[in-house]
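So you know, we letter chains A, B, ... as the sequences are listed, proteins then strands, and number each from 1. Note that the coordinates shown come from a computational prediction; the quantities given were computed from them, not determined experimentally.
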Amino acid sequence: MTQAPARSTVVANEVVFDRVSKAFDIPGRRTVQAVEEVTGTVPAGEFVSIVGPSGCGKSTLLGIVAGLDSATSGRVSVGGSPVTGPRRDVGLVFQEDSTLPWRSALRNVTFGMEVAGVPRAERQRRANEMLTMVGLADFAGERPARLSGGMRQRLAIARTLAMRPSVLLMDEPFGALDQQTRLILGAQLLRIWSQLRLTVLFVTHSIEEAVLLSTEVWVMSYRPGQIIDRVRIDLPYPRDFDVVGTDRFNQYSNRLWSTIRRESLRGFSDTELHPAGVDKHPVVAEVEL
Amino acid sequence: MTGPANTRPFLLGVTGTTGMLLLILIVWQLGSTLEWWGPGLMPTPGAVAAALGDLLTTAVFWSSMADTLVAIVISFAAGSLVGVAGGTLLWRLPLIGRVLEPYIVSFYAVPLIVLYPVMLVVVGINVWSLIILNTVVVAIPVLLNTWVGFQAIPPVYHRLARSLRCGPARRFRQVMLPAALPQILAGLRIGASLAVVGITSMEFLLAPAGLGFQVRYLYEYFEQAQMWAYVVVIFAVACVFMAAASAMENAVQKGRR
Ligand SMILES: Nc1ncnc2c1ncn2[C@@H]1O[C@H](COP(=O)(O)OP(=O)(O)OP(=O)(O)O)[C@@H](O)[C@H]1O
Ligand SMILES: [Mg+2]
C-alpha cells in the first residue's frame with residue numbers, strides 16, 4: 001500500500017463487478033442466496049445508486065466491494081485490481097451508526113487517519129476541513145450522544161471522506177431521516193462529490209433520492225439479488241432539489257417505481273416470510289376497495 | 001462541565017440524602033426514648049455516638065479498621081484484575097467460554113464461604129484465606145460483565161475496525177475496550193459492593209480480627225453501644241467505597257455525553 005496520496009492526486013477508480021454471487025450458509029436452515037450473478041461497471045467518477053427491496057442483498061454487495069465479505073463466486077475489482085480485503089482507498093459509510101461515542105466529533109473524524117498513520121497536524125487540518133464540508137464545524141468538540149442521528153451519519157461520512165478514498169461506498173446513509181432532510185443532505189453530498197471527483201456507489205430505498213443524485217440507477221431484484229434494470233439519469237449537473245417533480249424527473253421515478261413495486265410484492269409473498277400458503281391470499285386482496 | 005443546570009440536581013441529591021439520614025436518626029432517637037424496643041437491642045443514637053467517640057481513641061479500633069480496609073482493597077483489586085482478564089480471555093476464546101460458562105454462572109449462586117475449610121488447609125488461619133476467597137467473590141461478577149460487555153459490541157464496530165485495517169492492539173485498546181467499558185464498570189461496581197459485604201461478613205463469621213469480627217465479639221459480650229458503633233462504621237466504609245465506585249462510573253459516562 002502506498003502512502004496517503006496528496007490531495008490533487010486522488011484519482012477516481014472504476015468498480016467492476018464480474019458475475020458476483022454470495023450465498024449465506026446458515027447451519028440447519030436452507031442456504032440464502034443473497035446476491036446472484038451481478039455484473040456491471042461503475043465508471044470512474046460516476047455516481048451509481050442501487051435501489052431494491054429490503055433484504056435483497058444491497059449491504060452484502062457493498063460489503064464485498066469494501067473487502068469485508070468475500071463473494072461465493074465471481075469477483076470485484078477496483079481500479080483494475082481485484083478486491084481481496086479492505087483497502088484504504090475504498091471508503092465505506094455503514095448503514096448502522098458507526099460513530100464512536102467516547103470520542104468527540106473531531107476525534108471521530110481523525111480516527112481513520114490515526115490508523116492510517118497520517119501525521120498529527122495533517123489529521124487536524126483534514127478533519128476540520130471535512131467537518132466544515134458536512135456542516136458540522138460548530139460541533140467539533142461534541143460527543144456523538146449530543147448529535148442527532150443525521151448529524152452522526154454526516155460525521156461517519158466525514159470520517160470516511162477524510163481518508164481520501166477514490167471510491168466511496170454509502171449504505172443508506174440517510175436511511176433514518178425524513179424526506180426533506182435527506183434531499184438537503186443529498187444535495188450537499190452532490191457538492192462534495194463534484195469537489196472531490198470520487199466514484200460513488202450509493203445504496204438507498206428512496207427512488208427520489210436515487211434519481212436526484214445519480215448518473216445511473218441500478219434496480220436489484222428480491223432474493224436472489226440480481227440487477228434487473230439499469231437507468232441512465234440524463235439530468236444536467238449541478239442538480240439541486242428543484243429538479244424533484246419536474247417531468248423528466250417523474251418519468252425516471254415512474255419507470256423505477258414500476259419495476260420495484262413488482263419486486264417488493266414478490267418479496268412480501270415469499271414463503272419464507274409467510275410460511276403458510278400466503279400465495280392464496282395475495283396482499284392486494286386484503287385491501288378493501 | 002458543571003453549569004447551574006447541572007449543580008441543581010446534584011445539590012438536591014445531597015440535601016435529600018442528608019435529610020434521609022436525619023430522618024433515620026430522629027426515628028432511632030424516638031424509638032429508643034418511647035421504648036419501641038429495649039435498650040438491650042439498640043441503645044439511643046447519643047449512647048452509640050459516645051461509644052464511637054471513645055472507640056476512635058483506641059488502638060483496637062484502628063487496627064481493626066486497617067485490617068478490614070486492607071482486605072477489602074486487596075481483594076477488590078485482585079478480583080477486578082482476574083475478572084477483567086478472565087472475561088476478556090473467554091471472549092477471545094469462545095470455545096473455552098462455552099464449556100466453562102455453566103460453571104462460572106453457578107459459582108455466582110454458591111456461597112463461597114463453604115470453601116473456607118479448603119482455604120484453611122491451603123493457606124492456614126490468617127487474613128489471606130479471607131482475601132483469596134473474597135477475590136473469587138469479586139472476580140465472578142466482574143468476569144461475567146466483562147465477558148457480556150465484549151460479546152455485546154455491535155458488529156458494526158468490528159466491521160469498522162476491519163475496514164480501516166486496525167492492527168490487533170489498536171483494535172482492542174481504541175475500539176473494543178472502550179465499547180465494552182460501560183458494562184465492565186457496571187461489573188466493577190457490583191464487585192465493589194460484594195468486596196465490602198464479603199470481607200465484613202466473613203470477618204463476622206470466621207476471622208479473629210477486623211471490623212466484622214469486632215461486631216460479633218461485642219455482640220457476644222453484650223456491649224450494645226460499642227457494637228452499634230462498629231455497625232455504623234461498617235456502613236460508613238461501605239458508603240465511601242460505593243461512592244468511589246459510582247464516581248468512577250459516572251466520570252466515564254460523562255465523557256460520552
Ligand atoms: N451474516 C449473515 N448471515 C446470514 N444471512 C445473512 C447475513 N447477512 C445478510 N444475510 C441475508 O442476506 C440477505 C441480504 O441481506 P442484506 O443485508 O444485504 O440486505 P439489504 O438489501 O441491505 O437489506 P436492507 O435494505 O434491509 O438493508 C438477507 O436475506 C439476509 O437475511
Ligand atoms: Mg442493508
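- Using a 4.5 Å heavy-atom cutoff, the side chains of A:Phe111 and B:Leu164 are in contact.
- Between A:Asp69 and B:Arg159, some side-chain heavy-atom pair lies under the 4.5 Å cut-off.
- Only the side chain of B:Arg170 comes within contact range of chain A, with heavy atoms under 4.5 Å apart.
- Contact record, A:Trp102 with B:Gln174: CZ2-O, 3.3 Å, taken as the closest heavy-atom pair.
- For the residue pair A:Pro86 and B:Arg165, the shortest heavy atom distance occurs at O-CD, 3.1 Å.
- For B:Ala161, no part lies under 4.5 angstrom from a heavy atom of chain A.
- Neither the backbone nor the side chain of A:Leu92 comes within contact range of chain B; no heavy atoms are under 4.5 Å apart.
- The parts of A:Glu114 that come within reach of chain B are both its backbone and its side chain, each placing non-hydrogen atoms under 4.5 angstrom from that chain.
- When heavy atoms are compared at a cutoff of 4.5 Å, B:Val175 approaches chain A by way of both its backbone and its side chain.
- Heavy-atom minimum distance, B:Tyr157 versus A:Thr99: OH-O, 2.9 Å.
- Most heavy-atom pairs under 4.5 Å with chain B: of the set A:Ala145, A:Gly91, A:Gly67, A:Pro101, this distinction falls to A:Pro101.
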Give the C-alpha distance, both sets of side-chain angles, the deciding distance and a yes or no for side-chain contact (heavy atoms from CB on, under 4.5 Å) between A:Leu100 and B:Leu160.
CA-CA 10 Å; A:Leu100 307 174; B:Leu160 174 70; 4.1 Å; yes

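- Contact annotation: the side chain of A:Val115 never approaches that of B:Arg171 to less than 4.5 Å [non-hydrogen atoms, C-beta and beyond].
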